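Residue numbers begin at 1 in each chain, while the letters A, B, ... track the order of the sequences. Remember, predicted model here, so these are calculated numbers, not experimental data.
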Amino acid sequence: MIKKIKGFADLLPPVSNTYAFMEQTAARVFSLYGYDELRLPVLERTELFARGIGEETDVVQKEMYTFPDRKGRSLTMRPEATAGAVRAYIENKLYADAGSVTKLYTYGPMFRYERPQKGRMRQFHQIDVEAFGSPAAILDAEVILMLGHFLTEIGLDKLSFEINSLGCRDCRPIYLKTLADFLATLPEEELCEDCRRRKASNPLRVLDCKVPRCKELTADAPQLSEHCCSGCKDHFAAVLDPINASGLAYTINPRLVRGLDYYTRTTFEVVSGDIGSQSSVAGGGRYDGLISALEGPDLPGVGFACGMERLALLLQDIKPVQPDFFFVVLDGSGLSASLELAQTLRRAGLSGVTALEAKSAKSQFRQADKTNARFCLILGESECESRTVAVKNMESGQQETIPMADLADYLNAR
RNA sequence: GUGGCUGUAGCUCAGUUGGUAGAGCACCUGGUUGUGGCCCAGGUGGCCGUGGGUUCAAGUCCCAUCAGUCACCCCA
């Protein structure tokens, strides 16, 4: 038997209905904020991600599905949506007639070659939002509030928001130097193995280490909020003001680090304690240098992505829609008539299914019961002859004989 | 890439110190020759993940392998 490959999943009902619900809710909520849908390719040139996400990131270095096409060009299955969205924004010159801001959302599968575990698949799904072209702090705040609005609409209003600022292209390098100097003063042998490596490769990550001893050692580490430039300080305050006014609960997490190189200034994350170790259900932030780094105009951007697998872990699975009617046929003569009648009812807006073979009445009624149909429509020999249908209300058990011609009106009235 | 745990019916799982494979749910049929749910009776369904080894005998013990899962790491 051919089986699916590791880290890839079939999304079956009722889980698939939950995904549809998330997508539909996202589309509805985001449109309230002026966002339009963007649909992007799943494959891009490898270089897009290498330059967009950062050559040194784990995602690029060891997690991408990369392979040559038939002409030897290196292609990559997208590991996230932002780089592709920025590429589309530049390539289609959406900045030309957009006024001050271009608001887009997209959703779909992403691919990362990682060891699967709870909340982490190799093919996973994100709902992604990008707002290009404006440096306004109020836009950062709006994006965060919109994420909160969306989560509330899908029934998740108890999640924790964490917000931080990572500084800008000017002040972050200075801070990183300060941090590196501080880390160099720590006793090397007392740091965990990972942190010894991260000290050089990704110093911000050391602040995020979960090992207790590392936490102690870095307790007095210099904080970016004290070392960033006045522009970044003002920006961060201007982001928090409207969020405070909105009543959205959040914490400032000065150790909140994003793994993708492009983030600047505002970053945020939504975490849940109920879904295992992969606790981050959404994350995002501002990326003011990304568009120019991909050879577009020097315009800023802000956005976020939600992990649909992780949200689905928090949502009850939504049941498939229930049909209104089920056709019971008692002999072969009713079979073709039942389909014809069912088509009439469907065109009249009623949903339902027909029996596909004339098995015993008991068996057909059992089948009808399983579909949760509200009515059974019974077509036997006598009904076919008199051009009527026996309609049984499955809840009350009562049954009436209705002329075929009146069937749609009769059912629609109930 | 590293580690832990688990692989027995469609699903959830029992299976004693090794002795020829079980339950519940689901499914099918009947109890009502044209009427569901509840109940009752019966039934279908397993290379016990795969390969090798030990043994008179392996679901059970040993080795390997594959798969799943959780965690590290990383991220949404």
Side-chain angles (χ1 to χ4, degrees), chain A residues 1 3-7 9 22 53 57-64 79-82 107-129 147 151 159 192-195 197-198 201-202 205 208-211 256-260 263 267-272 275-285 303-314 326 328-331 334 355 358-384 390-399 401:
Chain A
M1 180 174 58
K3 302 206 293 187
K4 64 183 183 298
I5 59 183
K6 184 196 278 285
M22 287 189 272
I53 299 171
T57 59
D58 276 19
V59 170
V60 170
Q61 293 238 313
K62 37 187 201 194
E63 295 174 3
M64 295 207 300
E80 53 102 54
T82 299
Y107 50 77
M110 311 291 160
F111 305 85
R112 292 183 198 175
Y113 192 94
E114 300 181 89
R115 278 289 278 278
Q117 67 186 74
K118 190 176 187 181
R120 189 173 81 183
M121 291 287 113
R122 288 182 175 179
Q123 176 178 328
F124 59 104
H125 300 80
Q126 289 188 336
I127 295 171
D128 184 86
V129 164
L147 173 57
L151 293 171
L159 296 170
C192 75
E193 198 181 323
D194 290 320
C195 282
R197 173 176 51 78
R198 285 189 284 230
S201 65
N202 194 349
R205 278 262 165 234
D208 201 32
C209 186
K210 295 163 198 79
V211 176
L256 174 64
V257 173
R258 311 262 70 224
L260 278 35
Y263 287 110
T267 59
F268 53 92
E269 200 166 297
V270 180
V271 296
S272 165
I275 55 172
S277 72
Q278 304 300 308
S279 58
S280 173
V281 300
F304 65 79
C306 293
M308 295 178 73
E309 278 73 9
R310 295 177 189 180
L311 291 175
L313 289 173
L314 292 163
F326 183 91
V328 174
V329 296
L330 297 160
D331 54 52
K359 292 196 289 192
S360 75
K362 180 172 188 162
S363 156
Q364 292 190 60
F365 274 93
R366 275 188 183 150
Q367 205 181 330
D369 202 50
K370 264 175 285 174
T371 68
N372 284 314
R374 293 171 61 218
F375 301 98
C376 268
L377 311 182
I378 303 151
L379 259 187
E381 204 175 339
S382 59
E383 286 84 2
C384 283
V391 178
K392 176 169 182 174
N393 182 319
M394 292 300 278
E395 200 180 335
S396 68
Q398 299 200 329
Q399 194 165 315
T401 299

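OP1 or OP2 of B/C28 has not a single side-chain nitrogen or oxygen of A/Ser363 nearer than 4.0 Å. The shortest distance between the side-chain N/O atoms of A/Arg366 and the OP1/OP2 oxygens of B/G37 is below 4.0 Å.
Side-chain proximity of A/Gln278 to the nucleotides B/C27, B/G3, B/C74 is greatest for B/C74. Closest to the side chain of A/Arg120, from the set B/C73, B/G30, B/C70, is B/C73.
Scanning atom types as modelled, no donor and acceptor separated by under 3.5 angstrom connect the side chain of A/Ser360 and the base of B/G34. Side-chain atoms of A/Lys362 come within donor-acceptor range of the base of B/G31, with a qualifying N/O pair under 3.5 Å. Residue A/Lys392 places a side-chain atom within donor-acceptor reach of the base of B/U35, judged by atom type and a 3.5 Å distance cut-off alone. Taking 3.5 Å as the limit, the base of B/G37 and the side chain of A/Asp369 contain no donor-acceptor pair of atoms between them.
Heavy atoms of A/Gln399 sit under 4.0 angstrom from at least one base atom. Among the atoms of the strands shown, base atoms are found under 4.0 Å from some heavy atom of A/Glu383.
A gap of 37 Å separates the C1' atoms of B/C5 and B/C28, to the nearest Å. Comparing the C1' positions of B/C27 and B/A9 gives an interatomic distance of 12 Å, to the nearest angstrom. If you take atom P in B/C63 and the same atom in B/G18, they sit 16 Å apart, rounded to whole Å.
A stem is defined here as three or more consecutive Watson-Crick or G-U pairs, each with both distances under 3.5 Å; for RNA chain B these stems are B:1-7 with B:66-72, B:10-13 with B:22-25, B:27-31 with B:39-43, B:49-53 with B:61-65.
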